[in-house]
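Atoms within each ligand, like the ligands themselves, are counted from 1 in listed order.
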Amino acid sequence: MTTNQLWGGRFKKPLDESAVRLSYSLESDKRLVFYDLDVNKAHAKALYKAKYLSRDEYKKLTECLDMLAIEFRDKPDSLYGDDEDIHTCIERLVTDRCGDLGKKLHTGKSRNDQVITDTRLYTKDSITSIREELQILIDVLVELAKRYEDVIFPGFTHFQPAQPVLFSHHMLAYVEKFFRDLDRFDAAFKSADVCALGSGALAGNNYNLDRQEMAKSLGFSAITANSMDAVSDRDFIADTLHAGSVCMTHLSRFCEELIIFSSPLVGLLEIGDDFTTGSSLMPQKKNPDVAELIRGKTGRVHGHWVALQTTLKGLPLAYNRDLQEDKVYLFDTVDNISVCLTCFHKMIAGITLNEDAIEAALKKGYGVATDFADYLVEKGVPFREAHDITGAVVLIAIEEGKQLHELSLDKLKTLHPLIDADVFHYITYQAAVSAKSIEGGTAPSSVKKQISKINRRITWKKH
Ligand code: ARG
């Protein structure tokens, strides 16, 4: 039974070993170690300023915390013990080294305000690096759009060939999604950027500590307004998990496309060898495992968001130990999103298009049928009528096993007298794409504008 605990005066028996296993969280929350040291330093400074520590005491505590930071960096394993959590661990170490002075460090501070302040700091840093990965991904997609700027690609609805689009347009569609992810993470960052220190266990503290100064020294933009809210609030984690869930959904949808498009049955593109794997049995296989794993991990990240909401939904104010679970969801989400984003942008940077297969695919599914109808509209035929006539044209083409442009003009004229030879210029894939020159459409002119607008939205230095 461990003795490294911060309470015990009113207990006759130690905590049962099974309860220790249930409740101890050091293995998980040790990743907060450097934040916890910083929070302790900010708190020690506030205690000194409020005259609860002498100058010498403050100096000694700060030196001890700084030394611990170095040791945790260089030889962490020798420092972790049989501790309940990271806060307990650090308090034990400080007390071992500073004697009774170490016992003063907890004056006016509870693990409840401490853990959430640590977690806010961790979340801010994690979001900063996730946002950087997202920025790299946007850069890569814009590059890809430029590399294949004029390639015409089948566009799908219901995964049936629908209308031809530029491949670049397809890539830029995802750029929009990832820009929104950046915004969502930014909003989550703002909700994390508030300092809870000074809230105590739930009611605040008696020591008139300068909360603004503590927040400032830890790099927070604001302080929490209500101590009971501060120790019970996990909204910023929910916001981060939500931003992460949506982002993973985007990655997963893209991965689904990569998996389908790279299958030899479809063959529109190829994923690089460095992001595919072989089969232990079938020598010919090149499997898109990385894309599949990203798609797979999406379920896990979604699960964490739901798990957090479920953990929170029955909790009365203020702190409840259930809240300790929050970090399991947060840490696993951050780890998975980070590795998925890195793999994803590297994998995407290395895909190659199979332009012959793309051309062959375009010929399947009558992707220019709508443009045939649009041609009739230009000639003055009401769209619904034009739609019907074109349906009949497609039926003939299917029966004759031909493309629309391979049908004879005479045959077409039997369906509507206004159909003329100029129809054949109208229903090429190039013409179909170029005609979508509306803002946000797939015409080369529109896509060029999209790219220049995106370049103006890229506020970061290209990676
Ligand atoms: N390990 C705890 C957590 O993560 C720290 C706070 C413990 N507070 C308490 N009142 N038992 O939530």
Query raised in the report: Within 45° of the axis and under 6.0 Å from the centre of the six-membered ring of F220, does NZ or CZ of K124 qualify?
Result: yes
Query raised in the report: Could an N or O of ligand 1 be found under 3.5 Å from any N or O of K327, whether backbone or side chain?
Result: yes
**Report entry** Close N or O approach (Y319, ligand 1; < 3.5 Å)
**Finding:** yes
**Report entry** Protein heavy atom at shortest distance from atom 10 (N) of ligand 1
**Finding:** N112 OD1, 3.2 Å
Report summary line: among protein heavy atoms, the one nearest atom 11 (N) of ligand 1 is R111 NH2, 3.7 Å
For ligand 1, which atoms, with element, lie under 4.0 Å from some heavy atom of [X]?
{"X": "S25", "answer": "1 (N)"}
{"X": "D85", "answer": "1 (N), 2 (C), 5 (C)"}
{"X": "Q324", "answer": "1 (N), 2 (C), 3 (C), 4 (O), 12 (O)"}

Requested in this report: Ignoring hydrogens and angles, tell me if any N or O in the side chain of K286 forms a donor-acceptor pair with the backbone of I271 under 3.5 Å.
Outcome: yes
**Report entry** Under 3.5 Å: donor-acceptor pair, side chain of T157, backbone of A162
**Finding:** no
**Report entry** Over 12 foreign heavy atoms within 6.0 Å of CD1, I70
**Finding:** yes
Query raised in the report: Quick one: do D326 and R234 make a salt bridge, cutoff under 4.0 Å?
Result: yes
Query raised in the report: Can you name the ring-ring contact (aromatic ring centres under 6.0 Å, His included) partners of Y429, sequence neighbours left out?
Result: none
